[in-house]
Amino acid sequence: MKFLDPHHPFFKPLWVRILVTLLPLLWAGVELYNGSQTWAMISLALGFYAALQLFWVFYKTPGKGDEQ
């Protein structure tokens with residue numbers, strides 16, 4: 001079991017992948033605005049990890065059942 005499986009059917013629509021990526025990045029901005037750099041860095045790392053998994057890995061590796 002992965003932390004974030006990019007080939008799960010939930011992440012197939014583009015709008016879901018964008019939303020899952022943007023929410024932690026926006027939250028990092030909220031945390032920076034409130035002066036909490038530690039939580040901002042954690043949220044920023046989660047947002048970048050989500051972007052890497054949901055956009056880079058999603059397009060670079062075939063999903064289950066996509067192989068021919």
Do Leu44 and Trp27 come within less than 4.5 Å of each other through their side chains, counting heavy atoms only?
no
Side chain proximity check, Leu4 to Phe11, heavy atoms < 4.5 angstrom:
yes
Please check if the number of heavy atoms outside Phe48 that lie under 6.0 Å from its CZ is greater than 12.
no
Can you tell me how far the [atom1] atom of [X] sits from the [atom2] atom of [Y], to the nearest 0.5 Å?
{"X": "Leu19", "Y": "Leu26", "atom1": "CG", "atom2": "CG", "result": "9.0 Å"}
{"X": "Arg17", "Y": "Leu22", "atom1": "CZ", "atom2": "CG", "result": "12.5 Å"}
{"X": "Ser36", "Y": "Glu31", "atom1": "OG", "atom2": "CD", "result": "5.0 Å"}
{"X": "Leu14", "Y": "Phe55", "atom1": "CG", "atom2": "CZ", "result": "5.5 Å"}
{"X": "Trp15", "Y": "Ile18", "atom1": "CH2", "atom2": "CD1", "result": "10.5 Å"}

Could you walk me through whether Leu32 and Trp39 pass the side chain to side chain contact (heavy atoms under 4.5 Å, CB included) test, one step at a time?
CA-CA 8 Å; Leu32 274 177; Trp39 287 111; over 6 Å; no
Within one Ile-Leu-Val-Met-Phe-Trp-Tyr cluster: Ile42 and Phe3, side-chain cutoff 4.5 Å
yes
Tell me whether Phe10 shares a hydrophobic cluster with Leu46, the cluster being built from Ile, Leu, Val, Met, Phe, Trp, Tyr side chains joined at under 4.5 Å.
yes
Which heavy atom of Thr21 sits nearest to which heavy atom of Ala51, and what is that distance?
CG2-CB, 3.6 Å
